[in-house]
Each structure stands twice: as C-alpha cells, then as structure tokens.
Amino acid sequence: MSLIKFEGRSVIVTGAGGGLGREYAISLARHGARVLVNDLGGSVHGEGGSTSMADAVVQEIKDAGGDAVACYDSVATPEGGRAIVDAAMDAFGSVDALIHNAGILRDRSLASLTSEEIESVLDVHLRGGFHVTVPAFAEMKKKRYGRIIMTSSSSGLLGNFGQANYGAAKTGLVGLAHVAAVEGAKHGILANVIAPGARTRMTAGLLGSEMDELLDPAQVAAMAVYLASPQCTQTHEIYSAGGGRFARYVVGLNDGWFTPDRPASPDDVLKHIEQIRDLSTLQVHDSGAGEMEVLRRMAQAAGALTAQS
C-alpha cells in the first residue's frame, strides 16, 4: 500500500502526451489522482498539433482503471491556459495540483539566435507557466489547498551551450514558483521546482546510449508525483531528479564584505573580492527578506545600526 495517496484529487499536467509528462500522468493516476492530460500534440520544436498523443495517454490511464480527460489547448496563450484550467474544473470540479511540464526546443548559439526562436520558447515555457498558473492559483486559493510544480532545468540553473532561450525561460519559472510559494503560504498552496534529467524527444541523441538507458523518465516521476501529493509538506524548493539520483538545488547567500563608513569604490571591490566570494558563510533563505536580515546583522555588528533597528 503506497503512502502517497491523492484521494480523488485532480492534477493538471501540461505536456503530458509523451516523455516525462506521460510518466507523470500515468503515475499520478496509479496513485488515485484524476488527471487532466494536456498536450497540443506538436513537434519538439512546437510545430503542428494533434489530439492523438493526449488521447493515447488518457486511454492508457482508463484501461488501467484510472480517471483522466484530455485537453489539447496550448499553454502559449492566456486563453489556452485558462481553457486548460476550465477543462479540469469542468471534468473534476477542482484543481488540486498543477505540473507545468510543457516545453519545446529551439536551440541555437547566442550569435545566431533569432527573435522568433526566443519568443516561441518563452511563450511555451515561461509565459505558459504564467498562463496556466494564474487561473489555477485562483482556484486553489478558493479551496485553500494546492500544489504547484514548475519544471526548470540544469540548462537554466547552471547553463548549457546553445540554450540561452530555453535556459532563461527555465530559470524564470524558478522565480514564478518562489513567488507562488510566498503568496500561497497562507492559503495552503505549496510551490516547488523540479529540474529533471531524462531521455525524451527533447534529448534524443544527445546523451549517448548508456546515459539514455540510465535516464528513464519513470525515475523522475517519483519526485514529481510526491511534490504534487497531499503528503508533500515542502515548499519554495528546487529538486533535481534523474537516473535514480534525487537532490536539492539551493540559491544561497554568504555574509560577504560590509563597509559601514562610506560608499564602496570599484577599488574596494577589487581588494575584497575574495571575501565577497567566500562561501564559508553560505546561508539559504526563504525570501528576499532574508538578505535584509544579513545586512541588518552585519550593520549592527559594525555599529552602523542600533540593536533596536
């Protein structure tokens, strides 16, 4: 008997017609979730469209005794995002969790990147995250319950050649999730980020045969399903998942160097750059207010602020 139980809760999965999204949808249904399978059915580059991919996943879930409906709207427009949420509300009466997984690739080096290649990737990944999250968040807020999972990537968090558009969009989704976590805290809404590593249409031929074998999409589904579940209690966090390894990314801040007497000059920065870069005092905070507390503490220690400030 699994400890992860959705008890009839409904989950939207965007980009659920294949790859990771398909694995998420099937695993969610296996754990009792009612699943809105959203997929435009286009190519990895965002071209074309078909109902067959989403329909096949829905049929697979139903054949196994689960509950799922298909939705073919695009996350790339506000109207599409709203339609996806409306479809879940019409089918299930609630939106309890959202996994924004839809994505396309238009890889090209910075020197050759076109405006269309930038905009199309931002439309699906980053703007798509807003288009589906804004209406979903509103429904979750009414119920005072929700789980939001944004899909990031090491290409954004760490960088990868030829993926400036993709990486920027994926890092933008981290900011969206962090704010959703802050704003959702008092409404029972948790928001987290997953950075998956798996063989999919988007990684075909890039990883090598041995890594392809290791990076089964099913390995990532465990983390996504957990983060979407009622049993998840974490929020405002970023997780890496792939190939059997599960880990946490953090955005940290060190104490750095503080000058209370006068505005620093570029020469001062040069002289103290190693102290500014020193990670021995690294801390992880749950909001931007944490950085102000670091400054307050250092200013008080230097006598630039009173203890009561």
Side-chain angles (χ1 to χ4, degrees), residues 98 100 125-126 129-130 133-134 136-138 140-141 144-160 164 167-195 223 226-227 230-241 245-309:
L98 163 67
H100 177 48
H125 291 275
L126 182 54
F130 279 97
T133 299
V134 170
F137 189 94
M140 293 174 181
K141 188 175 175 181
R144 302 190 65 79
Y145 175 89
R147 302 288 186 269
I148 296 171
I149 300 94
M150 293 289 115
T151 306
S152 186
S153 170
S154 61
S155 295
L157 296 166
L158 301 174
N160 193 36
K170 287 304 192 185
T171 305
L173 288 170
V174 175
L176 172 57
H178 283 344
V179 174
V182 171
E183 294 188 8
K186 63 182 180 182
H187 303 293
I189 301 170
L190 311 183
N192 291 288
V193 178
I194 187 169
M223 177 59 79
Y226 168 72
L227 292 174
Q231 288 71 41
C232 175
T233 58
Q234 289 73 36
T235 191
H236 209 153
E237 296 185 353
I238 309 169
Y239 292 95
S240 170
R245 175 179 172 271
F246 301 87
R248 181 183 172 191
Y249 279 100
V250 297
V251 177
L253 176 76
N254 67 353
D255 276 0
W257 170 67
F258 177 66
T259 172
D261 303 323
R262 56 180 174 78
S265 70
D267 285 350
D268 289 327
V269 173
L270 173 61
K271 292 174 184 176
H272 295 89
I273 191 64
E274 292 308 317
Q275 187 178 350
I276 293 168
R277 296 180 63 246
D278 177 26
L279 297 184
S280 65
T281 58
L282 193 68
Q283 308 132 57
V284 178
H285 301 283
D286 59 7
S287 74
E291 182 170 6
M292 291 299 100
E293 285 306 309
V294 173
L295 177 59
R296 183 188 303 276
R297 170 172 54 79
M298 296 183 74
Q300 288 173 345
L305 286 177
T306 63
Q308 291 76 31
S309 297

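Positions are given from 1, in the same order as the sequence printed here.
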Task: Any donor-acceptor pair under 3.5 Å from Asn192 side chain to Tyr239 backbone - done: no
Open item on the list: Which residues pass the ring pair (Phe, Tyr, Trp, His ring centres under 6.0 Å) test with His272, not counting sequence neighbours?
Closed with: Trp257
Task: Min side-chain heavy-atom separation Leu305-Gln300 under 4.5 Å - done: yes
- [ ] Mind checking the CZ-CD1 spacing from Phe137 to Ile148? Nearest 0.5 Å is all I need.
- [x] 6.0 Å
Open item on the list: Return the CE to CZ distance between Met292 and Arg297, rounded to the nearest 0.5 Å.
Closed with: 12.5 Å
Task: N/O donor-acceptor pair under 3.5 Å between Thr281 side chain and Asp255 backbone - done: yes
- [ ] Report yes or no: does Ser265 contribute a side-chain atom to a donor-acceptor pair with the main-chain N or O of Asp268 at less than 3.5 Å?
- [x] yes
Open item on the list: So which atom in His100 and which in His125 form the shortest heavy-atom distance, rounded to 0.1 Å?
Closed with: NE2-O, 2.9 Å
TODO: State whether the side chain of His187 and the backbone N or O of Lys141 hold a donor-acceptor pair below 3.5 Å, judged by distance alone.
DONE: no
Task: Minimum heavy-atom distance between Leu173 and Leu126, given as atom pair plus value - done: N-CD1, 3.7 Å
- [ ] Taking all non-hydrogen atoms of both residues into account, name the closest pair between Met140 and Arg147 and its distance.
- [x] CE-O, 3.5 Å
TODO: Please tell me if the side chains of Leu98 and Met150 come closer than 4.5 Å, counting only heavy atoms from C-beta onward.
DONE: yes
- [ ] Using modelled atom types only, decide if a donor and an acceptor are shared between the side chain of Lys170 and the backbone of Thr151 within a distance under 3.5 Å.
- [x] yes
TODO: Measure the spacing between SG of Cys232 and CD1 of Ile149 and express it to the nearest 0.5 Å.
DONE: 7.5 Å
Open item on the list: Looking at every non-hydrogen atom in both residues, tell me the closest pair between Tyr145 and Ile189 and how far apart they are.
Closed with: C-CG1, 4.2 Å
Open item on the list: Testing the basics here: between Met298 and Gly256, what is the closest heavy-atom pair and its distance to 0.1 Å?
Closed with: CE-O, 4.1 Å
Open item on the list: Testing the basics here: between Leu279 and Asn254, what is the closest heavy-atom pair and its distance to 0.1 Å?
Closed with: N-ND2, 4.4 Å
TODO: Report yes or no: does Thr235 contribute a side-chain atom to a donor-acceptor pair with the main-chain N or O of Ala191 at less than 3.5 Å?
DONE: yes
Open item on the list: Quick check on Glu291: does its CD atom have over 12 non-hydrogen neighbours (other residues, nucleotides or ligands) under 6.0 Å away?
Closed with: no
TODO: Kindly compute the distance separating CZ (Arg248) from CD (Gln234), expressed to the nearest 0.5 Å.
DONE: 9.0 Å
Open item on the list: Please check this pair: side chain of Ser155 against backbone of Gly167, looking for a donor-acceptor N/O pair closer than 3.5 Å.
Closed with: no
TODO: Using modelled atom types only, decide if a donor and an acceptor are shared between the side chain of Ser152 and the backbone of Ala195 within a distance under 3.5 Å.
DONE: no
